[in-house]
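In what follows, a single structure is set out as structure tokens and then discussed.
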Amino acid sequence: MDLKVARVYRAEAYSEVVDTHDQQSIELGYTRELPLPLILRSLNRVLLCSEEVIVMSRWSTGLVVVRSTWARLGIISPPTIVDPGFHGILTFEVFNGSRNSVIIRERDALWTLIELDSNAELYGGKYQGQ
């Protein structure tokens, strides 16, 4: 399932220290919400959200990856796990690793959600439980 970009983004803001145990510290690392489109400059990153509301059953897990069209342009969005039972919009870090600026618009199909269900074969190898 393709996931599209919602209508706003948050850009990285300078914060000397970000404390992962302090939500206010994390929030200071980004600007307030800004409207799309955006020109994502080389070596910059933003937070983008999915337009879609995702509903995962308790028996499935999702894996979200950037679409190859965007990857070929230098756009990097770390693979993201969507936990069983999650419902809501997804937030992603998006980084421009190319030398070129890239325009990102509302409703661009940037990611693909792969849903894995409980019928998958369970791991039972020698490293189980380590």
Query raised in the report: In Å and rounded to the nearest 0.5 Å, what is the CD to CE distance from Glu115 to Met1?
Result: 9.0 Å
Report summary line: Here the gap from Glu51 atom CD to Ile89 atom CD1, rounded to the nearest 0.5 Å, amounts to 10.5 Å
Query raised in the report: Considering the options Val55, Leu113, Ile114, which one meets the side-chain contact (heavy atoms from CB on, under 4.5 Å) requirement together with Val82?
Result: Leu113
Report task. Could you tell me which residues satisfy side chain to side chain donor-acceptor pair (under 3.5 Å) with Arg72, sequence neighbours excluded, listed by chain and number? Result -> Ser68
Requested in this report: For Pro79 and Val65, work out which heavy atoms get closest and say how close.
Outcome: CB-CG1, 4.4 Å
**Report entry** Non-hydrogen atoms of Ser101 and Ser42 that approach each other most closely
**Finding:** OG-N, 4.3 Å
Query - Asn100 and Ser98: side chain donor to acceptor below 3.5 Å - result: no
Report summary line: Separation between OG1 (Thr91) and OH (Tyr30), nearest 0.5 Å, reads 10.5 Å
Query raised in the report: In Å, rounded to the nearest 0.5 Å, how long is the span from CG of Asp2 to CZ of Arg107?
Result: 11.5 Å
Query - Matching residue for Val64 among Ile54, Ile81, Thr80, Thr112 - test: side-chain contact (heavy atoms from CB on, under 4.5 Å) - result: Thr80
Query raised in the report: Quick one: side chain to side chain donor-acceptor pair (under 3.5 Å) partners of Arg105, sequence neighbours excluded?
Result: none
Query raised in the report: Has Gln23 got more than 12 heavy atoms of other residues, nucleotides or ligands less than 6.0 Å from its CD?
Result: yes
Query raised in the report: Thinking salt bridges, do Arg10 and Glu33 make one under a 4.0 Å N-O criterion?
Result: no
Query raised in the report: Looking only at heavy atoms, what is the nearest atom pair of Arg58 and Pro84, with distance?
Result: O-CB, 3.5 Å
Requested in this report: Answer yes or no: is there a side-chain heavy-atom contact under 4.5 Å between Thr61 and Asp83?
Outcome: no
Query raised in the report: Between the side chain of Asn96 and the main-chain N/O of Leu40, is any donor-acceptor distance below 3.5 Å?
Result: yes
Query raised in the report: In the single-linkage hydrophobic clustering (I, L, V, M, F, W, Y; side-chain heavy atoms under 4.5 Å), do Leu34 and Val8 co-cluster?
Result: no
Query - Exam field: side chain Asp108 to backbone Leu110, donor-acceptor pair closer than 3.5 Å - result: no
**Report entry** ring pair (Phe, Tyr, Trp, His ring centres under 6.0 Å) contacts touching residues 76-106 (sequence neighbours left out)
**Finding:** Phe92-Trp111
Query raised in the report: Would Glu93 and Leu47 satisfy side chain to side chain contact (heavy atoms under 4.5 Å, CB included), going step by step from the backbone distance to the final call?
Result: CA-CA 5 Å; Glu93 174 191 7; Leu47 293 181; 4.3 Å; yes
Report summary line: Exactly one of Leu48, Val66, Val102, Asn44 clears side-chain contact (heavy atoms from CB on, under 4.5 Å) with Val94, and that residue is Leu48
Report task. Please determine if Arg7 and Glu106 form a salt bridge, counting it only when a charged side-chain N lies under 4.0 Å from a carboxylate O. Result -> no
Query raised in the report: Within the side chain of Ser50, is there an N or O that forms a donor-acceptor pair under 3.5 Å with the backbone of Leu90?
Result: yes
Requested in this report: Check the hydrophobic clustering (I, L, V, M, F, W, Y; side-chain heavy atoms under 4.5 Å; chains of links allowed) and say if Leu73 and Leu43 are grouped together.
Outcome: no
Query raised in the report: For Gln24 and Ile26, what are the C-alpha separation, side-chain angles and deciding distance, and is it a side chain to side chain contact (heavy atoms under 4.5 Å, CB included)?
Result: CA-CA 5 Å; Gln24 184 177 4; Ile26 293 170; over 6 Å; no
Query raised in the report: With no hydrogens and no angle check, is any side-chain donor or acceptor of Ser60 less than 3.5 Å from a backbone partner on Asp117?
Result: no
